Number of protein chains: 2
Amino acid sequence: MELRHLRYFCVVAEELNLTRAAAKLHMAQPPLSRQIKQMEGEIGAYLFERSARGLRLTPAGQFFHEHTLQILEKVDATVAATQRLARSKRVMFGIGFVPSVFYGQLPLLVRELRQKDNVELVLAELTTVQQVQALKSGRIDMGFGRMRIDDPDVEQENLFDEPLMAALPEGHPLAETTPTLAQLAEYPLVLFPAQPRPSLADMTLGLFRRRGLKVTVAQEANELQTALALVASEIGITLVPEQVKRVRRDGIVYVYLAAPGLTSPVLCSRRKGEAPSPIMQEANAILEVLVENRRSGRYP
Amino acid sequence: MELRHLRYFCVVAEELNLTRAAAKLHMAQPPLSRQIKQMEGEIGAYLFERSARGLRLTPAGQFFHEHTLQILEKVDATVAATQRLARSKRVMFGIGFVPSVFYGQLPLLVRELRQKDNVELVLAELTTVQQVQALKSGRIDMGFGRMRIDDPDVEQENLFDEPLMAALPEGHPLAETTPTLAQLAEYPLVLFPAQPRPSLADMTLGLFRRRGLKVTVAQEANELQTALALVASEIGITLVPEQVKRVRRDGIVYVYLAAPGLTSPVLCSRRKGEAPSPIMQEANAILEVLVENRRSGRYP
DNA sequence: CTCCATGATACCTCCAGGGTATGGATGACG
DNA sequence: CGTCATCCATACCCTGGAGGTATCATGGAG
């Protein structure tokens, strides 16, 4: 499969007529017909229903069309941005993060760095394990996660430890208490993120399991916002790191847990033994302020 | 430019050695060398610095690498999802939305529809104008926006009107008041979204301008979360539709405006004169409940 | 029933992508 | 400092497949 196929497909999907599409693409109809067919063969699904009076998109074809447009747009945008970057002599700084660290002050780091006009920031949502790989390959320069990883080429700094909190629907029996895990285990759980694993979800499950508590998972969610909506809908309760409590929402209350030491660290990973670049130094300075703010409880 | 180029580039960027990369790709080194060069020519930027001891990514190359990985991943994911869709005989339902309507109950519609196991939901962030085009081409089946558009093939239903609110940092002089626009104009503004225009940002500016008020824009932001972080940092204040107040956040208070009639509608667009499909009927039913909840102030 | 628009098939052509051979540059090493 | 090893670039050849032309098959419109 090549971009050519996608480009052809898009035009055909818009025209729904091979002859017209071929004209638009400045080519003859038979080769276009063949390329489309070839692509269908490669995917292993019919994208069009053929008739004597033109084509019609199948459901799979509609779906493919939607995403093909997005892909082609991204390709164009990437090329354009790369050209700009090359001309402007800016430098790239990549930050990897696991979703659960992105509700606190990290967005502020991103904002500050974006304002530097000599740096092109690239964000990548990566698991902690992926971050190690991405650091080594130079894909990112800094990673934020919650898991300690032992790797000779990567050093991790513990920025701070965060207590876990329970997110409960308003009016829940345990609201306004500091419940134990045993108490929480009585209620169905909204697990998140469901993808990708392993994640906070497994950590949560592990907490209960290690105490011999059995939990029922009412629903899985991929994103925090969804999980909170589910909690507000009284479908279940969920555990979140403390910084999430900044994301307030009608119908949701956060309570600390009675069990002490239920914390989740936030770790910053960098390549070991590398002289910090000017941008890295700036990032470190900003980070220091943010961590200090966090420790002192000040905001932002 | 073809996907082949991107695939080659990725391997080379990882190996940083043409000979090894070629071996990994099961091809000889010279053609690989040529393809890379050809792509650099097409982009018009050097992606690698060549030396006798291998290659090094330029800043532009690093950036390109990052995004190339994402593109290739998306291609694979799209093909896989299309196959699944074709096998499962599910049907696609596309929803377009402008970002500013996505903080209220719309996520619930999405969640409900996702749970139907005969529908593959596709979400697309589109401007209202793009939504009309997307509806006609069948790219989406339902659109949510804030602008009325006159088009013979599209019908719009006004779901409800939303008052605008001001988001202020905690302790702001105007907090706990219902300020007039003139009062608000005294303070610097955080404008959002900065991209794509026209948007809520222009609506906000227009409100002030039409009253002959001059505002200073302290900062632009692309996303709500960023805008709110900026407001909390006391960089400025901003105007948001009412449903945003659900997104609570430490350091932020929302106040209604004294000026009456400052509302922003939420419109649902559909193709005109089309018999509603089973999924459309389900969507309409869910939507009705959500709108009723909204009107009655209940949650969710 | 006829016509014609439209997609499919058959077959040809030619270019570009891939291969082989080799040159040239540069860091490693004794 | 000379030699070697490594690695990318260049030159040239070959072949597969993308695209073209001619034509067939099909089915809805009138």
Side-chain angles (χ1 to χ4, degrees), chain A residues 1-58 60-62 64-65 68 72 75 79 86 137-138, chain B residues 1-58 60-62 64-65 68 72 75 79 86 137-138:
Chain A
M1 172 113 61
E2 290 295 333
L3 284 180
R4 179 184 58 249
H5 294 110
L6 303 188
R7 288 190 257 263
Y8 292 174
F9 172 80
C10 273
V11 175
V12 175
E14 269 156 46
E15 294 290 333
L16 294 178
N17 176 314
L18 278 179
T19 314
R20 271 206 310 278
K24 209 168 175 179
L25 288 163
H26 308 292
M27 66 190 286
Q29 170 260 320
L32 179 58
S33 182
R34 199 176 12 153
Q35 292 291 318
I36 296 291
K37 208 163 235 192
Q38 178 181 324
M39 190 172 63
E40 286 182 322
E42 211 165 322
I43 293 177
Y46 287 107
L47 302 175
F48 294 102
E49 280 167 24
R50 273 83 165 170
S51 79
R53 276 283 173 279
L55 309 175
R56 257 185 44 213
L57 279 169
T58 62
Q62 277 179 40
F64 193 71
H65 181 211
T68 298
L72 293 177
V75 170
V79 170
S137 72
Chain B
M1 172 114 62
E2 291 295 335
L3 284 181
R4 180 184 57 250
H5 295 110
L6 303 188
R7 289 191 255 262
Y8 291 176
F9 172 80
C10 273
V11 176
V12 175
E14 269 158 46
E15 294 290 333
L16 293 178
N17 177 316
L18 278 179
T19 313
R20 271 205 310 277
K24 208 166 176 180
L25 288 163
H26 307 293
M27 66 190 288
Q29 169 260 319
L32 179 59
S33 182
R34 200 178 14 160
Q35 292 289 320
I36 296 291
K37 210 165 232 188
Q38 177 181 325
M39 190 173 62
E40 286 182 323
E42 211 166 320
I43 294 177
Y46 287 107
L47 301 175
F48 294 102
E49 281 167 23
R50 272 83 166 169
S51 78
R53 275 284 172 280
L55 309 176
R56 257 186 43 214
L57 279 168
T58 62
Q62 278 180 39
F64 192 74
H65 181 214
T68 298
L72 293 177
V75 170
V79 170
S137 72

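These numbers come from a predicted model, not from an experiment. Sequence lines set the chain letters: A, B, ... in the order given, protein chains first and strands last, and positions in each chain run from 1.
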Colleague: Any non-hydrogen side-chain atom of A:Leu18 less than 4.5 Å from a side-chain atom of A:Leu55?
Modeller: yes
Colleague: So what does B:His26 hit on the nucleic acid, given a heavy-atom distance under 4.0 Å: a base, only sugar-phosphate, or nothing?
Modeller: sugar-phosphate
Colleague: What are the bounds, 5' to 3', of the part of DNA chain C that sits under 4.0 Å from heavy atoms of chain B?
Modeller: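 Going 5' to 3' along DNA chain C, contacts run C:dG17 to C:dG27.
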Colleague: Does a side-chain N or O of A:Gln38 approach OP1 or OP2 of D:dG17 to a distance below 4.0 Å, or not?
Modeller: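 So the side chain of A:Gln38 is outside the cut-off, no N or O lying under 4.0 Å from OP1 or OP2 of D:dG17.
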Colleague: Cut-off 3.5 Å, no hydrogens considered: what does the side-chain donor-acceptor table look like for residues 6-14 of chain B, sequence neighbours left out?
Modeller:
residue	atom	partner	partner atom	Å
B:Arg7	NH2	A:Met1	O	2.5

Colleague: In whole angstroms, how far is the P atom of D:dG17 from the CD1 atom of A:Ile36?
Modeller: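 One finds 18 Å between P of D:dG17 and CD1 of A:Ile36, rounded.
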Colleague: Please round to the nearest 0.5 Å and tell me the distance separating atom CD of A:Gln38 and atom CD1 of A:Ile43.
Modeller: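 Rounded to the nearest 0.5 Å, the CD-CD1 separation comes to 11.0 Å.
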Colleague: To the nearest Å, how far apart are A:His5 NE2 and D:dG17 P?
Modeller: 11 Å
Colleague: Can you check the B:Glu2 CD to D:dG17 P distance for me, whole Å?
Modeller: 15 Å
Colleague: Using only atom types and a distance under 3.5 Å, with no angle test, would you say the side chain of B:Glu49 pairs donor to acceptor with the backbone of B:Thr58?
Modeller: no
Colleague: Just checking B:Tyr8: base, sugar-phosphate only, or nothing, at a heavy-atom cut-off of under 4.0 Å?
Modeller: sugar-phosphate
Colleague: Return each pair, listed once, that meets salt bridge (charged side-chain N to carboxylate O under 4.0 Å, His left out) where at least one residue sits in residues 36-47 of chain B; pairs must be two or more places apart or across chains.
Modeller: B:Glu40-B:Arg50
Colleague: For the helix from C:dC1-D:dG30 to C:dG30-D:dC1, what is the angle between the axes at its two ends, each from 5 pairs, rounded to 10°?
Modeller: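 Comparing the axis at each end, I get an angle of 30°.
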Colleague: Let me have a per-nucleotide readout for nucleotides 5-12 of chain D, 5' to 3', with B, S or -, counting only protein heavy atoms under 4.0 Å.
Modeller: -BSBBB--
Colleague: Show me the donor-acceptor pairs, under 3.5 Å and distance only, between side chains in residues 19-30 of chain A and residues at least two apart or in other chains.
Modeller:
residue	atom	partner	partner atom	Å
A:Arg20	NE	A:Glu15	OE1	2.9
A:Arg20	NH2	A:Glu15	O	3.1
A:Lys24	NZ	A:Glu15	OE2	2.9

Colleague: So, for A:Phe48 and A:Leu57, which heavy atoms are closest and what is the spacing to 0.1 Å?
Modeller: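 Reported closest heavy-atom pair: CE2-CD2, 3.5 Å.
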Colleague: Rounded at 0.5 Å granularity, tell me how far CE in B:Met39 sits from CD in B:Glu2.
Modeller: 12.0 Å
